[in-house]
**Student:** 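What follows is a single structure, and I will ask about it in a moment.
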Amino acid sequence: IRQGLYKAHRTTPRMVIKEGHEASRSVYFRHMASAKFCVAAAGFGFSTRAYEASVAGCVPLVMQDGIEQAFEEILPWGDFALRMNDSLSAIPTLRQTLLAIPEERVKRMRSVLYCVWPRFLWLRHDDGASTPLPGQAALLQYDAFESVIWTLRTADRRTAARSSRHLPVPRASTSRS
């Protein structure tokens, strides 16, 4: 998908698509922070682009057909990200598709992003960061660690609820008469 995007849109006006070696990490995040949408395309394995885009305040454009995103059980992905199904066929008309999205919808998505971005960062394990986040201590209850714990609790409750819906099954006797 990434190669298709690069070939189709590398010269499209108002779309910045770079190869990995073309941008330093700081330039990469500067581009994301100034963009309205950031592609989170499938590649060779697991991708963190949707999470990086969220942290940068850029609406993730998820082009990963059939791949579940982190914390889908607890985060309203549809409220802060766009998902393109059948991603390869969406590439030729991507610019027109994005231009057709009303600015008001983008603003709503960004307002949700403002609330969910800490869920993608491991804040409690970054004491040695050279530039700590302002208010980092207050965000600890919303970081990726807490999201993982919340997801595990939710899964545990679902498992318990499924188990309690079934009638107890008597155990077979092992003694022989």
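All heavy atoms count here, side chains included; hydrogens, waters and symmetry mates do not.
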**Student:** Measure from the side-chain N and O atoms of Arg49 to the backbone N and O of Val39, and report whether any donor-acceptor pair falls under 3.5 Å.
**Tutor:** no
**Student:** When rounded to the nearest 0.5 angstrom, what is the spacing between CG in Asp79 and OG in Ser111?
**Tutor:** 9.0 Å
**Student:** Looking at Glu146 and Arg119, what are the two nearest heavy atoms and their distance?
**Tutor:** C-NH1, 4.1 Å
**Student:** Before you tell me yes or no, could you show the steps for Met84 and Leu94 under side-chain contact (heavy atoms from CB on, under 4.5 Å), namely the whole-Å CA-CA distance, both residues' side-chain angles and the distance that decides it to 0.1 Å?
**Tutor:** CA-CA 9 Å; Met84 294 293 216; Leu94 183 61; 3.4 Å; yes
**Student:** Might you point out which heavy atoms bring Phe71 and Ala144 nearest each other, and give the distance in Å?
**Tutor:** CZ-O, 3.9 Å
**Student:** Is there a chain of hydrophobic side chains (I, L, V, M, F, W, Y, each step under 4.5 Å between heavy atoms) that links Tyr114 to Leu121?
**Tutor:** no
**Student:** Return the minimal non-hydrogen interatomic distance between Ala41 and Arg2, and the atom names on each side.
**Tutor:** CB-CG, 3.4 Å
**Student:** If you group Ile, Leu, Val, Met, Phe, Trp and Tyr by side-chain heavy-atom gaps below 4.5 Å, do Leu75 and Ile149 land in one group?
**Tutor:** yes
**Student:** Do the non-hydrogen side-chain atoms of Leu113 and Cys58 ever get within less than 4.5 Å of each other?
**Tutor:** no
**Student:** How long is the span from the OG atom in Ser54 to the CZ atom in Arg110, to the nearest 0.5 Å?
**Tutor:** 11.5 Å
**Student:** Find the distance between CZ (Arg10) and CG (Leu5) and round it off to the nearest 0.5 Å.
**Tutor:** 12.0 Å
**Student:** Which atom names give the shortest non-hydrogen contact between Ile1 and Met63, and what distance separates them?
**Tutor:** CD1-O, 3.3 Å
**Student:** Decide yes or no for Gln69 and Tyr51: does some side-chain heavy atom of the first lie under 4.5 Å from some side-chain heavy atom of the second?
**Tutor:** yes
**Student:** When you look at Lys36 and Val59, which way does the side-chain contact (heavy atoms from CB on, under 4.5 Å) test go after all the steps?
**Tutor:** CA-CA 6 Å; Lys36 195 180 286 188; Val59 174; 5.8 Å; no
**Student:** Distance check, rounded to the nearest 0.5 Å: Glu73 atom CD versus Leu152 atom CG?
**Tutor:** 9.5 Å
**Student:** How long is the span from the CZ atom in Arg153 to the OG1 atom in Thr151, to the nearest 0.5 Å?
**Tutor:** 10.0 Å
**Student:** Could you tell me whether a side-chain N or O of His9 sits under 3.5 Å from a main-chain N or O of Ile91, the two making a donor and an acceptor?
**Tutor:** yes
**Student:** Please report the shortest heavy-atom distance between Arg25 and Glu52, naming the atom on each side.
**Tutor:** NH2-OE2, 4.3 Å
**Student:** When you compare the side chain of Phe37 with that of Thr97, does any pair of heavy atoms fall below 4.5 Å?
**Tutor:** no
**Student:** Taking Trp77 for its side chain and Ala70 for its backbone only, find out whether a donor-acceptor pair lies under 3.5 Å.
**Tutor:** yes
**Student:** For Arg105, what residues pass the side chain to side chain contact (heavy atoms under 4.5 Å, CB included) criterion, not counting sequence neighbours?
**Tutor:** Leu82, Ile101, Pro102, Arg108, Met109
**Student:** For Glu68, what residues pass the salt bridge (charged side-chain N to carboxylate O under 4.0 Å, His left out) criterion, not counting sequence neighbours?
**Tutor:** none
**Student:** Shortest non-hydrogen contact from Thr12 to Arg95?
**Tutor:** CG2-CD, 3.1 Å
